[in-house]
Amino acid sequence: MQQVRLLTPILYKTNNIGWRLSSMDHFGGVVLGKDEAMPAGNSPGQFAKGLVKGVRLLRLLHRHRVRAVVINGYMYPECWMALAYARLRGVPAFLAADSNALADAPRSGLRSSLKPLLVRWFVRACHGVMPVGSLGEKYFERYGSKPGRTFVVTFETDPSLCVTSTAQDIVATRASTGFAQGRKRVLCSGRFESYKRFSDAIDAFIAIAPQRPDWDLVMAGDGTQRAMLEARVPESLRSRVNWLGMITDLRRAMQLYSDVHLLLHPSGHEPWGMVVQEAASSGIPMIASNVTGAAIDIIRHGENGFLFPVGDIKAIERALLTVTDTGQYERFAAHAKDSLAHWHEKYESTRGFLAAMRSASVI
């Protein structure tokens with residue numbers, strides 16, 4: 001069996017969302033910014049810190065005599081320095097990103113106008129690219145990816161967190177969620193920001209609630225729009241909407257899927273969308289916007305869920321009424337159980353990564 005030893009430089013000790021991540025030791029994790037959290041934006045000071053961190057990165061790569069470099073992103077000086085190292089040392093470099101062709105809308109500003117030039121240069125300077133899914137393949141094609149040098153390396157959920165919860169697990173989960181026994185639940189999970197369009201989910205739920213009296217809505221997340229979203233729910237329905245806050249513990253987040261019955265993801269901008277993949281790994285039906293990368297690859301429209309045009313609340317209502325129909329829900333749930341296996345028939349992380357390494361004669 002071929003083996004690849006990984007070295008994973010980690011630029012920031014914590015991210016800007018608050019996820020509590022497990023140890024990266026098994027991936028060769030080395031934290032370069034030991035006391036730093038990922039910044040919310042860019043500034044000259046952050047750029048200078050990036051250059052200093054980039055020097056540490058170069059020393060690390062040199063000390064371990066790496067045979068290939070996978071660069072996750074292209075907007076930071078550390079990324080440019082990693083690519084420069086690969087070019088100077090004559091080792092293959094791969095660009096990895098969850099970029100999505102449908103999320104690549106033109107924007108104003110100097111930084112946005114320079115991005116296409118930077119991405120095109122970066123793509124051409126690398127041996128190959130590693131998108132996450134099919135919309136990522138199309139994204140890199142737009143920027144000149146080389147024929148035969150695109151290797152889909154998918155995100156994966158931790159199998160140890162995706163085990164079926166026992167009755168005791170569900171009781172323990174309900175102690176923190178306050179879920180009522182005997183109810184069915186639609187889950188929305190993510191940051192409560194305008195581009196996520198959770199107001200669309202609430203409006204659609206309000207519209208179908210009288211026809212689905214045994215279904216509740218679960219809102220897991222937090223953000224600047226939380227107060228507005230809470231106020232959007234009429235008094236008569238407030239007992240049927242659960243607000244859980246941001247769940248930063250991955251084990252608790254995955255356990256939540258065992259006590260909900262349907263994912264609704266209305267985002268207007270979503271390069272990938274791990275919540276869709278988490279729902280798929282948990283075997284529940286999914287309804288998501290048609291710009292969500294994971295949804296395009298994983299949802300089989302009309303079988304394990306539905307795709308809908310961004311902002312089309314009527315389409316969300318129709319999808320909700322169909323999936324939550326007592327006579328149809330079991331059919332959608334049955335198809336949802338093989339969602340991840342069906343997707344992995346085409347894409348799977350290890351297969352894509354090893355193909356990339358073979359293309360560059362690393363293994």
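- Taking the side chain as every heavy atom from C-beta outward, Phe155 and Trp272 approach each other to under 4.5 Å.
- Two residues are said to be in side-chain contact when any heavy atoms from C-beta on lie closer than 4.5 Å; Leu263 and Glu278 fail this criterion.
- Under the 3.5 Å distance criterion, with hydrogens and angles disregarded, no donor-acceptor pair is assigned to the side chains of Glu330 and His335.
- Trp121 has its side chain within reach of Leu83: a pair of non-hydrogen atoms, C-beta onward, lies under 4.5 Å apart.
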Criterion salt bridge (charged side-chain N to carboxylate O under 4.0 Å, His left out) on Arg183 and Asp214, from CA distance to verdict: CA-CA 6 Å; Arg183 306 285 298 169; Asp214 54 338; over 6 Å; no

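- Once rounded to the nearest 0.5 Å, the distance linking CZ of Arg212 with CG of Leu320 reads 9.0 Å.
- Under the 4.0 Å criterion applied to side-chain N and carboxylate O atoms, Lys196 and Glu193 are not assigned as salt-bridge partners.
- When all heavy atoms of Arg124 and Gly144 are compared, the closest pair comes out as CG-O, 4.3 Å.
- Between the side chain of Arg232 and the main chain of Ile202, no donor-acceptor pair closer than 3.5 Å is present.
- The environment of His62 atom NE2 is sparse: at most 12 non-hydrogen atoms of other residues, nucleotides or ligands sit within 6.0 angstrom.
- Rounding to the nearest 0.5 Å places OG of Ser339 at 9.5 Å from CD1 of Ile284.
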Trace of the side-chain contact (heavy atoms from CB on, under 4.5 Å) decision for Met75 with Leu118: CA-CA 8 Å; Met75 297 300 290; Leu118 174 62; 3.8 Å; yes

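- Between the side chain of Ser145 and the main chain of Phe140, a donor-acceptor pair closer than 3.5 Å is present.
- Between Tyr347 and Trp343, the ring planes are perpendicular. Angles over 60° get that label, and only those under 30° would be called parallel.
- Side-chain contact between Leu102 and Asn290: absent, with no pair of heavy atoms (C-beta onward) separated by less than 4.5 Å.
- Neither side chain, Asp98 nor Tyr139, offers a donor N or O lying under 3.5 Å from an acceptor on the other.
- Between Lys115 and Asp104, at least one side-chain nitrogen of the basic residue sits less than 4.0 Å from a carboxylate oxygen of the acidic one, meeting the salt-bridge criterion.
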Arg56 vs Val52, side-chain contact (heavy atoms from CB on, under 4.5 Å): CA-CA, chis, key distance, verdict: CA-CA 7 Å; Arg56 294 183 215 151; Val52 172; 4.0 Å; yes

Derivation and outcome, side-chain contact (heavy atoms from CB on, under 4.5 Å), residues Thr154 and Val152: CA-CA 6 Å; Thr154 58; Val152 175; 3.9 Å; yes

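- Looking at Leu57 and Tyr85, their side chains never come closer than 4.5 Å, going by heavy atoms from C-beta outward.
- One distance of note links CG of Asp338 with CG of Asn304; it measures 7.5 Å at 0.5 Å rounding.
- Between the side chain of Trp243 and the main chain of Ala220, no donor-acceptor pair closer than 3.5 Å is present.
- The NE2 atom of His342 sits 7.0 Å away from atom CD of Glu303, with the distance rounded to the nearest 0.5 Å.
- At a threshold of 4.5 Å between side-chain heavy atoms, the hydrophobic network of Ile, Leu, Val, Met, Phe, Trp and Tyr places Tyr195 and Leu307 in two separate groups.
- In this structure, the side chain of Glu348 engages the main chain of Arg351 through a donor-acceptor pair within 3.5 Å.
- Nearest approach of Met81 to Gly54, heavy atoms of both residues: CE-C, 3.4 Å.
- Residue Lys146 places its NZ atom among more than 12 non-hydrogen atoms of other residues, nucleotides or ligands, all under 6.0 Å distant.
- Distance alone, capped at 3.5 Å, is enough to place a donor-acceptor pair between the Arg67 side chain and the Val362 backbone.
- In this pair, Phe306 and His301 present their aromatic rings perpendicular. The plane angle is above 60°, beyond the 30 to 60° band.
- In plain terms, the two heavy atoms of Gly293 and Asn100 that are nearest each other are N-ND2, 3.5 Å.
- Between Gly133 and Asp297 the shortest heavy-atom distance is CA-OD2, 3.2 Å.
- Of all heavy-atom pairs between Ile296 and Ser134, the closest is CG2-OG, 4.1 Å.
- For the residue pair Ser289/His265, the side-chain donor-acceptor check at 3.5 Å is not satisfied.
- Note on Arg174 versus Asp259: salt bridge recorded, some NZ/NE/NH1/NH2 to OD/OE distance being below 4.0 Å.
- Both cation-pi conditions hold for Lys184 and Tyr329: the charged atom is under 6.0 angstrom from the six-membered ring centre and inside a 45 degree cone around its axis.
- To the nearest 0.5 angstrom, Arg191 atom CZ is 9.5 Å from Ser267 atom OG.
- Among all heavy-atom pairs drawn from Ser349 and Val153, the shortest one is O-CG1, 3.9 Å.
- When only modelled atom types and interatomic distance are considered, Thr157 and Gln277 share no side-chain donor-acceptor pair under 3.5 Å.
- A donor-acceptor pair under 3.5 Å is absent between the side-chain atoms of His127 and the main chain of Phe94, judged by distance alone.
- Residues Ser189 and Met219 have side chains not in contact (no heavy-atom distance under 4.5 Å, counting atoms from C-beta outward).
- The main-chain N or O of Leu32 is never found under 3.5 Å from a side-chain atom of Lys53 such that the two would form a donor-acceptor pair.
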Criterion side-chain contact (heavy atoms from CB on, under 4.5 Å) on Leu51 and Tyr76, from CA distance to verdict: CA-CA 9 Å; Leu51 292 176; Tyr76 299 99; over 6 Å; no

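- Within the 4.5 Å cutoff, the side chain of Glu317 has no heavy atoms near those of the Asp203 side chain.
- Gln255 CD to Ser282 OG: the interatomic distance, rounded to the nearest 0.5 Å, is 10.5 Å.
- With a 4.5 Å cut-off on side-chain heavy atoms, Pro92 and Met357 do not count as touching.
- Between the side chain of Arg238 and the backbone N or O of Val233 there is at least one donor-acceptor pair closer than 3.5 Å.
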